[in-house]
Asks: 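Right, I'll just put the structure down here and ask away after.
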Amino acid sequence: MAGKWLNLRWVLSLLCVPLMVETVSGARGPSTETPIGPQFPASGVNQTPMVECRNVCGLNVSDRCDFIRTNPDCHSGGGYLDYLEGIFCHFPPNLLPLAITIYVSWLLYLFLILGVTAAKFFCPNLSAISTTLKLSHNVAGVTFLAFGNGAPDIFSALVAFSDARTAGLALGALFGAGVLVTTVVAGGIAILHPFMAASRPFLRDIIFYMVAVFLTFTALYHGRVNLEWALGYLGLYVFYVVTVVLCTWIYRWQWRRRSLVYSRPDTPEMLSDSEEDRVSSNTNSYDYGDEYRPLFYQETTAQILVLALNPLDYRKWRNKSAYWRALKVFKLPVEFLLLLTVPVVDPDKDDRNWKRPLNCLHLVISPLVLVLTLQSGAYGVYEIGGLLPIWAVVVIAGTALASVTFFATSNSEPPKLHWLFAFLGFLTSALWINVAATEVVNILRSLGVVFRLSNTVLGLTLLAWGNSIGDAFSDFTLARQGYPRMAFSACFGGIIFNILVGVGLGCLLQISRNHMEVKLEPDGLLVWVLAGALGLSLVFSLIVVPLRCFQLSKVYGFCLLLFYLNFLVVALLTEFGVIHLKSV
């Protein structure tokens, strides 16, 4: 074990600490190695307004902390922790392997947080909202699920478009995320739960996304986005949502006229969306509250609260394996925090998961979580009139509403407006996913700086992977729970939302702030490789899926995964100059 630790330190020293020996010992003369990036003396670090953050590894050890703190390129757009400052300012150079190990461990735990939030809080509330509003799987996928999944991408795009130097990187990240979602996520859904896609929704979604990619490709080719173009992006997304709603309404109307509700075999093509929802809820329902069901019923309010906040089912604990128990121990803090902050509405239960004391507590805590997680709490600490911060106003209002709800309801029967808790739980869980995904992105970016990855490769791989984590967890969870059509619709609905709203709103805010069009500067040929790969993947699905009669099998899923691996290899070889492409 000690030998492996020394080998890890040796590899990291070659990557990020080439001058450590000379600087620390002071016994040798100037280094004969040529470090990557410019050399900055200690007094000159603060004078450098903007240098790529990955050049920090080419500096002397004593200069790296000042460089990280003063260079704007090293500052993250959101999040609660500054991981780069932690590596270069709080860890000695010889403990760099320990810092990397801690960051990777925290990264894995963030993945666990994303999985728990999506499986037990986000998706159940989405299902409840769809049932309450009588939405089809397709409409829910392109609206609520797209909003929840697209939060990291939208925030990343808004931050990137606020600086003209990173606008091209934002497009590269959106293209990279699009390739990832349409291949890896869509292929994973087909592998986990093969199903027959609805023909008209599939063709509609893929054609709209191809139009969105073409608009972005054209804007990138011209190198600018003006006000009309930005408004066109937002208008196209509104038209897309209206088209989805109208198509679903027309389909239901036609099916009612034919009066063929259950007279034919129950296939996805022969059932309307609403009928399929009922069938799915009866045959593939998942009892989200089973893990928290008490051994016997309690009557007092205090006992109901304690049992509702207990994330551990002792009967399952005795019958499960040691691996399950170890994983459960790691999940307990996350599940307790989410139970305390996120309400869950379950339409399959008689009481719809109504827990009077806990739900009243949610009316205070959930809005507080919303204001403290939105933009990393920047809005929550803002003081109104210099007197009270927003978080205090939210607590006061939430306490008053909780008091009224507590005295106007009973423990045994849910109130008529209990369905509103599903919206509150959806927003809260979506922001928890956004917070965790933002931290994941920041950690991945910090690791990219340590290992000297360029901004283009960072946007293509680490940033795209980080921003798509929420999509993957939510969609895979829906597929495993018997909703592959909703998850598949969310693949296209989410990325259509990301590229149209992300580019449109990001450019619109930048234009309104600077009163001039947004300049797009593609970072080399890799952006064109990204656009070409995304278009090729869409053409592949547009041709193959209809030829297979819209049956999405495991073979189709593995083909998409193979396509992404080939694309990733070509993109990396292009970035590092192994493959040379002619300039466009």
Side-chain angles (χ1 to χ4, degrees), residues 111 114-115 117-119 122-124 126-127 130 136-150 153 176-206 208-209 244 267-269 273 276-277 279-281 283-284 286 433 437 464-465 467-498 534 537-538 540-565 567:
F111 289 157
L114 287 168
T117 308
F122 182 84
C123 292
L126 174 67
S127 178
S130 302
S136 68
H137 285 178
N138 294 322
V139 176
V142 301
T143 53
F144 291 104
L145 188 58
F147 170 76
N149 287 347
D153 303 84
V179 177
L180 179 68
V181 171
T182 55
T183 55
V184 176
V185 179
I189 292 172
I191 293 173
L192 290 173
H193 197 294
F195 68 104
M196 179 178 290
S199 57
R200 285 178 289 186
F202 171 79
L203 295 175
R204 176 199 63 217
D205 292 346
I206 200 169
F208 264 97
Y209 190 53
V244 172
T267 60
E269 284 294 311
D273 291 330
E276 182 189 355
D277 291 347
V279 174
S280 299
S281 63
T283 59
N284 298 308
Y286 179 84
I433 291 177
W465 296 340
N467 284 346
S468 300
I469 288 175
D471 303 64
F473 274 107
S474 300
D475 295 338
F476 289 162
T477 301
L478 286 173
R480 285 195 301 267
Q481 295 175 359
Y483 299 96
R485 178 177 292 185
M486 182 191 294
F488 193 76
S489 297
C491 287
F492 291 95
I495 53 182
I496 290 174
F497 177 84
N498 294 343
L534 180 55
S537 68
L538 295 176
F540 172 78
S541 296
L542 184 61
I543 295 176
V544 172
V545 174
L547 289 179
R548 295 182 57 86
C549 298
F550 298 93
Q551 183 65 41
L552 304 185
S553 62
K554 292 184 178 181
V555 175
Y556 170 76
F558 283 115
C559 288
L560 290 179
L561 295 181
L562 183 62
F563 177 89
Y564 182 77
L565 291 177
F567 151 73

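Side-chain atoms are counted along with the backbone in the values below, which use heavy atoms only and exclude waters and symmetry mates.
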Asks: Look up atom CD1 in Ile191 and atom CG in Leu561, then write down how far apart they are to the nearest 0.5 Å.
Replies: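 Separation between the atoms: 4.5 Å.
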Asks: Side chain to side chain contact (heavy atoms under 4.5 Å, CB included) for Cys559 and Phe540? Distances and angles first, verdict last.
Replies: CA-CA 10 Å; Cys559 288; Phe540 172 78; 4.2 Å; yes
Asks: Show the nearest heavy-atom pair for residues Ile433 and Thr117, with the distance to one decimal.
Replies: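 Answer, listing the atom of Ile433 first, then Thr117: CG1-CG2, 3.7 Å.
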Asks: Between OG1 of Thr182 and CZ of Phe488, what distance do you get to the nearest 0.5 Å?
Replies: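 Between Thr182 OG1 and Phe488 CZ, I get 9.5 Å after rounding to 0.5 Å.
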Asks: Kindly give the heavy-atom pair with the smallest separation between His193 and Pro484, and that separation in Å.
Replies: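 His193 and Pro484 have their closest heavy atoms at ND1-CG, 3.5 Å.
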Asks: Assess the residue pair Val184 and Val179 against the criterion (side chain to side chain contact (heavy atoms under 4.5 Å, CB included)); give the C-alpha distance rounded to whole Å, side-chain angles, the decisive distance to 0.1 Å, and a yes or no.
Replies: CA-CA 8 Å; Val184 176; Val179 177; over 6 Å; no
Asks: To the nearest 0.5 angstrom, please state how far the CG atom of Asp475 sits from the CD1 atom of Ile189.
Replies: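 Asp475 CG to Ile189 CD1: 4.5 Å, rounded to 0.5 Å.
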Asks: Atom CG in Leu534, atom CG in Leu180: separation rounded to 0.5 Å?
Replies: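 Separation between the atoms: 11.0 Å.
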Asks: For Ala479 and Ala487, which heavy atoms make the closest approach, and how far apart are they?
Replies: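 Shortest heavy-atom separation between Ala479 and Ala487 comes out as N-CB, 4.3 Å.
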Asks: Any side-chain heavy atom of Tyr483 sitting closer than 4.5 Å to one from Thr477?
Replies: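 They are not in side-chain contact.
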Asks: Distance from Leu562 atom CG to Thr183 atom OG1, nearest 0.5 Å?
Replies: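 Leu562 CG to Thr183 OG1: 10.5 Å, rounded to 0.5 Å.
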Asks: Quick one: side chains of residues 543-557, donor-acceptor pairs under 3.5 Å with protein atoms, not counting sequence neighbours, listed by atom name and distance.
Replies:
residue : atom : partner : partner atom : Å
Arg548  : NH2  : Ser553  : OG           : 2.8
Gln551  : NE2  : Phe195  : O            : 3.3
Tyr556  : OH   : Ser541  : OG           : 2.9

Asks: Rounded to the nearest 0.5 Å, how far apart are CG of Asn498 and OH of Tyr209?
Replies: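 One finds 8.0 Å between CG of Asn498 and OH of Tyr209.
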